[in-house]
J.: 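I'd like to ask you about the structure that follows.
Excluded from the calculations below are hydrogen atoms, water molecules and symmetry mates; all remaining heavy atoms, backbone and side chain alike, are included. Labels below follow one simple rule: chain letters A, B, ... track the order of the sequence lines, proteins then strands, and each chain is numbered from 1.
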There are 2 protein chains.
Amino acid sequence: MASPDTRTQLLDAAERLFAERGYRGTSVRAITDLAGANLAAVAYHFGSKAELLAAVARRVIEPINAAQCAGLDRLLARTPDPPVAELVAAFVGPMYDEMRAGDEGGARTSRLIVTILSDPAEEVRSWTGPAEDAVRDRYLEAFTRALPDLPPQELWFRIRGILAVTAVDRVEVHNRLAGLPPVAGEAAKQWAITFLAAAMSAPPTGT
Amino acid sequence: MASPDTRTQLLDAAERLFAERGYRGTSVRAITDLAGANLAAVAYHFGSKAELLAAVARRVIEPINAAQCAGLDRLLARTPDPPVAELVAAFVGPMYDEMRAGDEGGARTSRLIVTILSDPAEEVRSWTGPAEDAVRDRYLEAFTRALPDLPPQELWFRIRGILAVTAVDRVEVHNRLAGLPPVAGEAAKQWAITFLAAAMSAPPTGT
DNA sequence: GGTTCAGTCAAACGTTCGTTTAATTCAAAC
DNA sequence: GTTTGAATTAAACGAACGTTTGACTGAACC
């Protein structure tokens, strides 16, 4: 292990560059240059560029997932049937809280997640483990009990709506044309909870 | 002009492949192969790969924009201050209606839009013209009048929420884990309007 | 002092990419 | 019948890519 840990610096550089330019738009050479490492370091430490992305994704997603899980535990300890608004807050909150460490108000992490989720390449999306699925399934069940009249398909549509709003939140295209400054972290979190709690609580569409 | 119009077949092939594999994941060779054209045809008809993408994007977006504009005209002809739910329907509806022509229930077009909007490369996002901006500005103004108590920044946050939900709607990652069949076009449209009308109508977050 | 081994390094590998070139086709215009 | 010019073609171009190789480093261990 070198002094500033080449492996960690590769992860940091890759996280930033993948977020800024996408997976395919980032060359291994650009990563190693930014990390101050040799070109072969990626292959040595991670095996391949795709496995480096998987490592980056895990490092970003894991704390969010853990916080989502803990938040649901806390809710369920209080009442077996938490209201919709609190479920939304417990699910959405960590996506804003956990991504605030290090980068510009979470904008970079947000972009990274969008990049990963929207990239059509199989290798880019193959990092998910059973942990991510388990958390989502637990929330799905909790929402099902909180919204008993909502058909399963429409509930699933709304869950994806939550993911869409939280992930796409800060993509630059949508910000470009507003003369407004970028959204502050804490305010965006509250806005998202307000927006999504109202959306989730809407009555079923019917027919 | 050849019999089946090489130019159009290039547009069709590029639209499908850009949607399936992204801009960077699609080679010019793959496009010309699928179109049954020569490798040099892209350079001859469009100048470059980036300009071909711009042409594809324009062909997809223009009818949606026109329908959004017409829908708002229709609303404003009836009343100067349309309610939120009708504004949402007029804005969201065309994104589902206009993309139903040709591809699998609009899933491919939806993917194409996500691919374009979420790609960090500058060239991928430089196709927008003043028409797109004008429509968005008109809706922004209408929403501002319909929601006078909402601060501009939070309103803008919600507008982006609309775009996020409608665009990311059918990205495969989010569908993968549900045991449910893909969402049918008309049902998804109604679900989206229900979901987003409730979200837009939420009271301001406050503080 | 010699051995070991995780780590780093410069250099090269073969492939794929977007674009360019120059020759060719072929129906329409004269 | 010749000319014209848009359209197509095969072939090549140089650049950039992810990965591999084999030599080298230097502290740890015996």
J.: Side chains of B:Leu150 and B:Met200: closer than 4.5 Å at any heavy-atom pair?
T.: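 They are not in contact (no side-chain heavy atoms under 4.5 Å apart), so the answer is no.
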J.: D:dA16 C1' sits how many Å from A:Arg24 CZ, rounded?
T.: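 Distance, rounded to whole Å: 16 Å.
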J.: Do the charged groups of A:Asp73 and A:Arg138 touch, with an N to O distance under 4.0 Å?
T.: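 The answer is yes: the pair qualifies as a salt bridge.
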J.: For C:dG7, does OP1 or OP2 lie under 4.0 Å from any side-chain N or O of A:Thr6?
T.: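 Indeed not, no polar side-chain atom of A:Thr6 lies that close.
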J.: How long is the span from the CZ atom in B:Phe195 to the CZ atom in A:Arg158, to the nearest 0.5 Å?
T.: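 With rounding to 0.5 Å, CZ (B:Phe195) is 7.0 Å from CZ (A:Arg158).
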J.: Can you name the residues that form a salt bridge (charged side-chain N to carboxylate O under 4.0 Å, His left out) with A:Arg74, not counting sequence neighbours?
T.: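 With neighbours one apart ignored, the set is empty.
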J.: Output the rounded distance in Å from CG (A:Leu17) to C1' (D:dC17).
T.: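 Going from CG in A:Leu17 over to C1' in D:dC17 covers 16 Å.
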J.: To the nearest Å, give me how far apart OH (A:Tyr44) and P (D:dT25) are.
T.: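 Taking OH of A:Tyr44 and P of D:dT25, I get 17 Å after rounding.
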J.: Do any N or O atoms of the protein come closer than 3.5 Å to N or O atoms of nucleotides 9-11 of chain C, and which pairs are they?
T.:
from: C:dA10; atom 1: OP2; to: A:Asn38; atom 2: ND2; distance (Å): 3.4
from: C:dA10; atom 1: N7; to: A:Asn38; atom 2: ND2; distance (Å): 3.4

J.: Between D:dC17 atom P and A:Asp33 atom CG, what is the distance in whole Å?
T.: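 Computing the A:Asp33:CG to D:dC17:P distance gives 10 Å.
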J.: Is any side-chain heavy atom of B:Lys189 less than 4.5 Å from a side-chain heavy atom of B:Met95?
T.: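 B:Lys189 vs B:Met95: side chains apart.
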J.: Tabulate atom names and distances for all N/O pairs under 3.5 angstrom spanning the protein and nucleotides 26-28 of chain D.
T.:
none

J.: Do the side chains of A:Glu15 and A:Leu112 get nearer than 4.5 Å, heavy atoms only?
T.: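 Result yes, sub-4.5 Å side-chain heavy-atom pair found.
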J.: Would you tell me whether B:Glu141 and B:Thr144 have side-chain atoms, one donor and one acceptor, within less than 3.5 Å of each other?
T.: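 Side chains of B:Glu141 and B:Thr144: no pair found under 3.5 Å.
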J.: Please enumerate all residues that pass salt bridge (charged side-chain N to carboxylate O under 4.0 Å, His left out) together with A:Asp33, with sequence neighbours excluded.
T.: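 Here no residue qualifies.
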J.: Between A:Phe46 (CZ) and D:dT20 (C1'), how many Å, whole number?
T.: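 These atoms are roughly 18 Å apart.
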J.: Strictly below 4.0 Å, heavy-atom distances to any atom of DNA chain C: list the hits from residues 25-32 of chain B, or just say none.
T.: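 Per residue number, the list reads B:Thr26, B:Ser27, B:Val28, B:Arg29.
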J.: Would you mind reporting whether B:Tyr96 and B:Ile64 have side-chain heavy atoms less than 4.5 Å apart?
T.: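 No, their side chains stay 4.5 Å or more apart.
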J.: Can you measure A:Leu10 atom CG to C:dG7 atom P for me and round it to whole angstrom units?
T.: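 Nearest whole value for this atom pair: 12 Å.
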J.: It should be established whether B:His45 places a side-chain nitrogen or oxygen under 4.0 Å from OP1 or OP2 of nucleotide D:dT8.
T.: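 Indeed, a polar side-chain atom of B:His45 lies that close.
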J.: Let me know the distance between CG of A:Leu53 and C1' of D:dT19, rounded to the nearest Å.
T.: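 Atom-to-atom, A:Leu53 to D:dT19, this comes out as 17 Å.
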J.: Please state how far atom CG in A:Asp5 lies from atom P in C:dG7, giving the value in whole angstrom units.
T.: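 Going from CG in A:Asp5 over to P in C:dG7 covers 9 Å.
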J.: If you measure from the Lys or Arg side-chain nitrogens to the Asp or Glu carboxylate oxygens, is any gap between B:Asp12 and B:Arg7 under 4.0 Å?
T.: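 No, B:Asp12 and B:Arg7 are not salt-bridged.
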J.: Mind checking salt bridge (charged side-chain N to carboxylate O under 4.0 Å, His left out) for B:Arg29 and listing every partner two or more places apart, or none if nothing turns up?
T.: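 None.
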